[in-house]
Visitor: 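There's a structure below that I have some questions on.
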Amino acid sequence: MVQFVSVSKILDLVNKHGVENVLKGMTEYVEQDYRRWPLFDKTPRVASHSKVGVIELMPTSDGELYSFKYVNGHPKNTKEGKQTVTAFGMLADVDTGYPFFLSEMTVLTALRTAATSVMAAKHLARPDSKTMAIIGNGAQSEFQALAFKAVMGITNLRLYDTDAEATEKCAANLDGKGFTITICRSSEEAITGADIITTVTADKQKATILTDNMVGSGVHINAIGGDCPGKTELHKDILLRSKIFVEFPEQTRIEGEIQQLDDDYPVVELWEVITGGAEGRTSERDITLFDSVGFAIEDFSGLRYIYDLVKQDETTQDLEMIAEPADPRNLFGLLEVKQAAE
C-alpha cells in the first residue's frame, strides 16, 4: 500500500496546523536538506517543452529515499480558467525500490517555493528588512507573503500586477492576516522603500519587470518567476550589479535570470552560504539576488515534511499501487486468484 495525500487532505492538514506554522516547519526541512546538499543526486529537470508550456520531471535521492515530482507550467491556462502549475510527487525507499508515499503537489509546490524563498532571504537579506514588494500577484503571492511574515516578521507589503484583479485578490486573501498592504500602480512604485523585492510573474517570455535604474543598493531580490529557457524578469544590468546566489548552476544557467550572462559568469550556490563555505551579504549596500528556478531537492524536502505531518494524523488513505503476490515469482498467479475470488 502507498500512503496518499489528496488535495482535500493537504488542505485539511494546512488548516489544522496553520499555514504559517506549516511554512515555518517546511522552511526548517528545506534548510536541513540544503545543509546536506552534497549527499543528493543532482540533475537538471527533465523537460518537455511545447509552444504553450512545459511538462517536467524532477527526480533526486539522498541515498535512502528517492523522490520525483511531475509538474507543468502553462501560462496560457490562466485565461482558460485553469491553474498555471499543477503537480504531484512521490517518495520511495531506495533499499527496496518500493514507493510508499504519493501526494498532490500543486499546493505543496507553492508551500515549498515560499519556504525556499524565505530560507534564502534569511541568509541574504538585511536583518532589519521590514518591507517587501511582490510583483506578480498570482497563485504564489500569498504563500510568499505569509512565509516572510512567519519566518522574518515582514508585515509591510507593496503589491503590483499588470492584472489589477490579481492584486485585489491577493490583498483580499491577506486581509486580516497581520499585514499593512499598499496596492501600487507600477513596478517602480511597488519597489519604492522595499527592502526585499519578490518577482513572481508567469509569462513564458523574456520580460523586463525591473530595470537597473529602479534598483537601489541594499535590497534583496527574490527572483522566482524565471523557470525555463527564454523566460526572464530582470534587466541584465541588475545582474551585473548583484551578488548572485543559485540552487544548482547547471539548471539555473539554462532556466534562470543568469541565462542572460556568459556560461562562466561567477555565481554562488546557496547551500555553500548556509553551511558557511561561502560568503553571502557582506555589506548593507550589497544587492543580493536569489535566482531561484526551483530544484528537486526542495520537492524532496516538501514531501518529507508532509509525510512526517501525515504520520501524526489518524486519518490516512492508502492506495493499492504495488502488485504483491504471495510468491513474488508468480505475478501471473494474481490473475487466477482474482478470477477465483469473483
Visitor: How many angstroms lie between CD1 in Ile183 and OH in Tyr160, if you round to the nearest 0.5 Å?
Guide: 13.0 Å

Visitor: How about CZ on Arg285, more than 12 heavy atoms from neighbouring residues, nucleotides or ligands closer than 6.0 Å, or not?
Guide: no

Visitor: Would a single hydrophobic cluster contain both Phe40 and Met90, if residues Ile, Leu, Val, Met, Phe, Trp and Tyr are joined by side-chain heavy-atom contacts under 4.5 Å?
Guide: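 Different clusters: Met90 never reaches Phe40 through Ile, Leu, Val, Met, Phe, Trp or Tyr contacts under 4.5 Å.
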
Visitor: Would you say Val215 and Ile287 make side-chain contact, with heavy atoms under 4.5 Å?
Guide: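 Yes, close enough: below the 4.5 Å cut-off.
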
Visitor: Evaluate Leu303 against Leu65 for side-chain contact (heavy atoms from CB on, under 4.5 Å), listing each step before the verdict.
Guide: CA-CA 11 Å; Leu303 285 164; Leu65 299 178; over 6 Å; no

Visitor: In Å, rounded to the nearest 0.5 Å, how long is the span from CG of Leu331 to CD of Glu324?
Guide: 11.0 Å

Visitor: Tell me, do Thr113 and Phe143 make a side-chain contact under 4.5 Å, heavy atoms counted?
Guide: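 They are not in side-chain contact.
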
Visitor: Looking at every non-hydrogen atom in both residues, tell me the closest pair between Ile134 and Ala145 and how far apart they are.
Guide: CD1-CB, 4.0 Å

Visitor: Return yes if some donor-acceptor pair links the side-chain N/O of Arg35 with the main-chain N/O of Ile274 below 3.5 Å, else return no.
Guide: yes

Visitor: Does Ser242 reach the main-chain N or O of Ile244 with its side chain, forming a donor-acceptor pair under 3.5 Å?
Guide: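 Pair absent, no side-chain N/O of Ser242 close to backbone of Ile244.
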
Visitor: For Leu13 and Lys9, run side-chain contact (heavy atoms from CB on, under 4.5 Å): C-alpha distance rounded to whole Å, both residues' side-chain angles, the deciding distance at 0.1 Å, then the answer.
Guide: CA-CA 6 Å; Leu13 282 170; Lys9 180 64 177 178; 4.3 Å; yes

Visitor: Is the NZ atom of Lys76 crowded by more than 12 outside heavy atoms at less than 6.0 Å?
Guide: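 Above 12, so yes.
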
Visitor: Can you name the nearest heavy-atom pair linking His235 to Thr211, along with the distance?
Guide: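 Between these two residues, the closest heavy atoms are CB-CA, 4.0 Å.
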
Visitor: Quick one: does Ser117's side chain get under 4.5 Å of Phe148's, heavy atoms only?
Guide: yes

Visitor: Is it true that, when you exclude Glu165 itself, more than 12 heavy atoms of the residues, nucleotides or ligands shown sit nearer than 6.0 Å to its CD?
Guide: no

Visitor: Are Leu111 and Tyr307 connected in the hydrophobic side-chain network, where two residues link if heavy atoms are under 4.5 Å apart?
Guide: yes

Visitor: Is any side-chain heavy atom of Tyr70 closer than 4.5 Å to one of Leu57?
Guide: yes

Visitor: Do Tyr305 and Val22 have side chains that approach each other closer than 4.5 Å (heavy atoms only, starting at C-beta)?
Guide: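 The answer is yes; the side chains approach within 4.5 Å.
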
Visitor: Are Val19 and Met132 connected in the hydrophobic side-chain network, where two residues link if heavy atoms are under 4.5 Å apart?
Guide: yes

Visitor: Ring centres of Phe295 and Trp271 under 6.0 Å apart?
Guide: no

Visitor: What is the distance from atom CG of Leu146 to atom OG of Ser141, rounded to the nearest 0.5 Å?
Guide: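 Between Leu146 CG and Ser141 OG, I get 9.5 Å after rounding to 0.5 Å.
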
Visitor: Return yes if some donor-acceptor pair links the side-chain N/O of Asp62 with the main-chain N/O of Leu39 below 3.5 Å, else return no.
Guide: no

Visitor: Do Leu210 and Leu157 sit in one hydrophobic cluster, given that two such residues count as connected whenever their side-chain heavy atoms are within less than 4.5 Å of each other, even indirectly?
Guide: no

Visitor: Does Thr86 offer a backbone N or O that forms a donor-acceptor pair with the side chain of Asn72 under 3.5 Å?
Guide: yes

Visitor: Do Thr116 and Phe290 pass the side-chain contact (heavy atoms from CB on, under 4.5 Å) test, and can you show the C-alpha distance, the side-chain angles, and the key distance before you say yes or no?
Guide: CA-CA 10 Å; Thr116 303; Phe290 180 40; 4.0 Å; yes

Visitor: Are Met105 and Met58 close enough that some pair of their side-chain heavy atoms sits under 4.5 Å apart?
Guide: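 Not touching, per the 4.5 Å side-chain cut-off.
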
Visitor: For Asp161, is there any backbone N or O sitting under 3.5 Å from a side-chain donor or acceptor partner on Thr167?
Guide: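 Yes, Thr167 side chain to Asp161 backbone: donor-acceptor pair under 3.5 Å.
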
Visitor: So, for Thr192 and Arg158, which heavy atoms are closest and what is the spacing to 0.1 Å?
Guide: O-NE, 3.2 Å

Visitor: What verdict does the side chain to side chain donor-acceptor pair (under 3.5 Å) test give for Thr288 and His220, after you've listed the backbone C-alpha separation in whole Å, the side-chain angles of each residue and the deciding distance to 0.1 Å?
Guide: CA-CA 5 Å; Thr288 53; His220 172 67; 2.8 Å; yes

Visitor: Counting N and O atoms only, with roles assigned by atom type, does the side chain of Glu104 sit under 3.5 Å from a partner on the main chain of Leu108, one being a donor and the other an acceptor?
Guide: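 Yes, because the side chain of Glu104 sits within donor-acceptor range (under 3.5 Å) of the backbone of Leu108.
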
Visitor: Mark yes when over 12 heavy atoms from residues, nucleotides or ligands other than Glu188 sit less than 6.0 Å from its CD; otherwise mark no.
Guide: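 Open.
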
Visitor: Is there a side-chain contact (heavy atoms from CB on, under 4.5 Å) between Asp308 and Tyr29 once you walk through the steps?
Guide: CA-CA 11 Å; Asp308 285 349; Tyr29 271 58; 2.7 Å; yes

Visitor: Could you walk me through whether Asp263 and Arg253 pass salt bridge (Lys or Arg N to Asp or Glu O under 4.0 Å), step by step?
Guide: CA-CA 7 Å; Asp263 290 343; Arg253 292 191 191 279; 6.0 Å; no

Visitor: Would you say Trp37 and Lys42 make side-chain contact, with heavy atoms under 4.5 Å?
Guide: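 The answer is yes, as the side chains (C-beta and beyond) meet within the 4.5 Å cut-off.
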
Visitor: Hydrophobic clusters here meaning ILVMFWY residues chained together by side-chain heavy-atom distances under 4.5 Å, can you tell me if Leu174 and Ile224 are in one?
Guide: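 The answer is yes; both residues are in one hydrophobic cluster.
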
Visitor: Would you say Gln317 has more than 12 foreign heavy atoms packed within less than 6.0 Å of its CD?
Guide: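 Yes - once you tally the heavy atoms of other residues, nucleotides and ligands closer than 6.0 Å, there are more than 12.
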
Visitor: Where do Arg112 and Asp299 land on the salt bridge (Lys or Arg N to Asp or Glu O under 4.0 Å) test, with the steps shown first?
Guide: CA-CA 7 Å; Arg112 74 83 160 138; Asp299 299 312; 2.7 Å; yes

Visitor: Measuring from atom CG of Leu319 to atom CE of Met1, what distance do you get when rounded to the nearest 0.5 angstrom?
Guide: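 With rounding to 0.5 Å, CG (Leu319) is 8.5 Å from CE (Met1).
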
Visitor: Are the side chain of Arg281 and the backbone N or O of Asp286 linked by a donor-acceptor pair below 3.5 Å?
Guide: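 Judged by distance alone, yes, a pair lies under 3.5 Å.
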
Visitor: Keeping Glu31 on the side-chain end and Thr27 on the backbone end, is there a donor-acceptor pair under 3.5 Å?
Guide: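 Such a contact is absent between Glu31 side chain and Thr27 backbone.
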
Visitor: How many angstroms lie between CZ in Phe245 and CG in Asp291, if you round to the nearest 0.5 Å?
Guide: 12.0 Å

Visitor: Identify the two heavy atoms, one from Pro99 and one from Val2, that lie closest to each other, and give their separation to 0.1 Å.
Guide: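 Shortest heavy-atom separation between Pro99 and Val2 comes out as O-CG2, 3.5 Å.
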
Visitor: Could you tell me whether a side-chain N or O of Lys169 sits under 3.5 Å from a main-chain N or O of Gly138, the two making a donor and an acceptor?
Guide: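 Answer holds: yes.
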
Visitor: Report yes if some heavy atom in the side chain of Tyr265 is under 4.5 Å from a heavy atom in the side chain of Ile258; otherwise report no.
Guide: no

Visitor: Given Glu255 and Arg45, is the salt bridge (Lys or Arg N to Asp or Glu O under 4.0 Å) satisfied, shown in steps?
Guide: CA-CA 10 Å; Glu255 301 179 347; Arg45 54 182 139 225; 2.7 Å; yes

Visitor: Could you state the interatomic distance from NZ (Lys122) to CE (Met152), rounded to the nearest 0.5 Å?
Guide: 9.5 Å

Visitor: Any chance you could lay out the side chain to side chain donor-acceptor pair (under 3.5 Å) test for Thr252 and Glu247, step after step, and finish with the verdict?
Guide: CA-CA 7 Å; Thr252 311; Glu247 293 141 319; 4.6 Å; no

Visitor: Of all the heavy-atom pairs spanning Leu23 and Ala115, show the shortest one and how long it is.
Guide: O-CB, 4.2 Å

Visitor: Between the main-chain N or O of Glu233 and the side-chain N or O of Glu257, is there a donor-acceptor pair closer than 3.5 Å?
Guide: yes

Visitor: Which heavy-atom pair separates His74 from Val54 by the least distance, and what is that distance?
Guide: CE1-O, 3.5 Å

